[in-house]
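As structure tokens, the structure follows; a few thoughts come after it.
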Amino acid sequence: QSVLTQPPSASGTPGQRVTISCSGSRSNVGSDTVNWYQQLPGTAPKLLIYSTNQRPSGVPDRFSGSKSGTSASLAISGLQSEDEAEYYCAAWDGSLNGYVFGTGTKVTVL
Amino acid sequence: QVQLQQSGPGLVKPSQTLSLTCAISGDSVSSNSAAWNWIRQSPSRGLEWLGRTYYRSKWYNGYAVSVKGRITINPDTSKNQFSLQLHSVTPEDTAVYYCARLVGGTPDIWGQGTMVTVSS
């Protein structure tokens, strides 16, 4: 079962800004960097943000990440129809000595 | 570029062993900077990290508490691949299984996924 908590859904119209939260604890988000993944139906998760706020090559700068304490956030600015997907946060958990994921947030473009 | 190609059966009987293989191209299973992981995804459990193997002058393994005692992840340096064995499976182990490379604390490259159903 997922250790990090995300809202089940978020939505916006094209061009709007959408923010997704990720709540963890001192042993994961609070003490390590956070990664974000985008998953389209039937495909493997794709790395969207690493080390809390870094974008891999090829990821648009509309996507940005941040962290404060034991919570992290993913922001999508200038929402586009192709951004409709499931988004997951993830981090290493020092207490569990394992990698943990969020519950996932389904983003819908209205 | 780095690619991971998974193989293995999609149907396993209860109490038997689930076995999957992940072939690596563009990197080495013996890399001193990467770890090779198995992750699964199901509607009931979400994304769940299962374990990893990595080489840092010698081989190390780490497994999730939820499957410890039932899981083995092994590297195969001759074929540049690594494998997952999950023993004594039950229907609860039905999921899509992914292999993934972890670099700098980040699973960055994932395999295509294998849907494994545990059923008689």
Side-chain angles (χ1 to χ4, degrees), chain A residues 1-8 22-24 27-59 65 67 72 74 85-106, chain B residues 1-7 10 20 22 33-54 60-71 73 84 92-93 95-116:
Chain A
Q1 286 79 0
S2 304
V3 171
L4 308 180
T5 303
Q6 300 176 232
C22 171
S23 177
S27 64
N28 43 63
V29 175
S31 60
D32 204 351
T33 59
V34 177
N35 303 316
W36 289 90
Y37 296 89
Q38 178 192 62
Q39 187 174 33
L40 298 171
T43 68
K46 169 193 167 187
L47 182 63
L48 201 63
I49 296 288
Y50 69 97
S51 296
T52 303
N53 55 17
Q54 303 298 304
R55 284 186 309 277
S57 172
V59 173
K67 188 180 86 166
L74 173 72
E86 193 88 20
Y87 293 83
Y88 295 91
C89 59
W92 184 262
D93 190 299
S95 292
L96 297 174
N97 203 25
Y99 202 69
V100 294
F101 291 91
T103 48
T105 298
K106 168 68 175 169
Chain B
Q1 79 270 27
V2 179
Q3 289 186 318
L4 304 178
Q5 181 67 38
Q6 300 177 218
S7 59
L20 296 173
C22 183
S33 58
W36 304 96
N37 300 254
W38 286 98
I39 295 162
R40 68 182 177 184
Q41 184 174 29
S42 66
S44 59
R45 302 175 73 90
L47 280 164
E48 181 184 15
W49 176 82
L50 299 177
R52 61 180 179 169
T53 188
Y54 57 98
Y60 295 88
N61 288 306
Y63 301 126
V65 171
S66 60
V67 292
K68 210 164 193 174
R70 292 200 297 134
I71 186 172
I73 296 177
L84 166 70
E92 283 277 300
D93 294 310
V96 178
Y97 286 75
Y98 295 100
C99 60
R101 183 184 77 164
L102 192 150
V103 170
T106 299
D108 62 341
I109 306 294
W110 295 57
Q112 80 274 23
T114 302
M115 177 67 214
V116 179

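All heavy atoms count here, side chains included; hydrogens, waters and symmetry mates do not. In what follows, every chain begins at residue 1, and chains take the letters A, B, ... in the order their sequences are listed.
For A:S95, the side chain to side chain contact (heavy atoms under 4.5 Å, CB included) partners are A:S27, A:D93, not counting sequence neighbours. Here B:Y54 pairs with B:Y60 under the ring-ring contact (aromatic ring centres under 6.0 Å, His included) rule; sequence neighbours left out.
Within the 4.5 Å cutoff, side-chain heavy atoms of B:I39 are placed close to those of A:F101.
A:A44 and B:G111 get closest at one heavy-atom pair: CB-O, 3.4 Å.
For A:T43, the part lying under 4.5 angstrom from a heavy atom of chain B is the backbone only. Neither the backbone nor the side chain of B:I109 comes within less than 4.5 Å of any heavy atom of chain A. Using a 4.5 Å cut-off between heavy atoms, A:Y88 contacts chain B through its side chain alone, with no backbone atom that close. Contact annotation for A:P45: both backbone and side-chain heavy atoms come within less than 4.5 Å of a heavy atom of chain B.
Between the OG1 atom in B:T106 and the OH atom in A:Y99 there is a gap of 5.5 Å [rounded to 0.5 Å]. The distance from atom CG of B:D108 to atom OH of A:Y37, rounded to the nearest 0.5 Å, is 7.5 Å.
The candidate from B:P107, B:S66, B:A100 with the greatest count of non-hydrogen atom pairs under 4.5 Å with chain A is B:P107.
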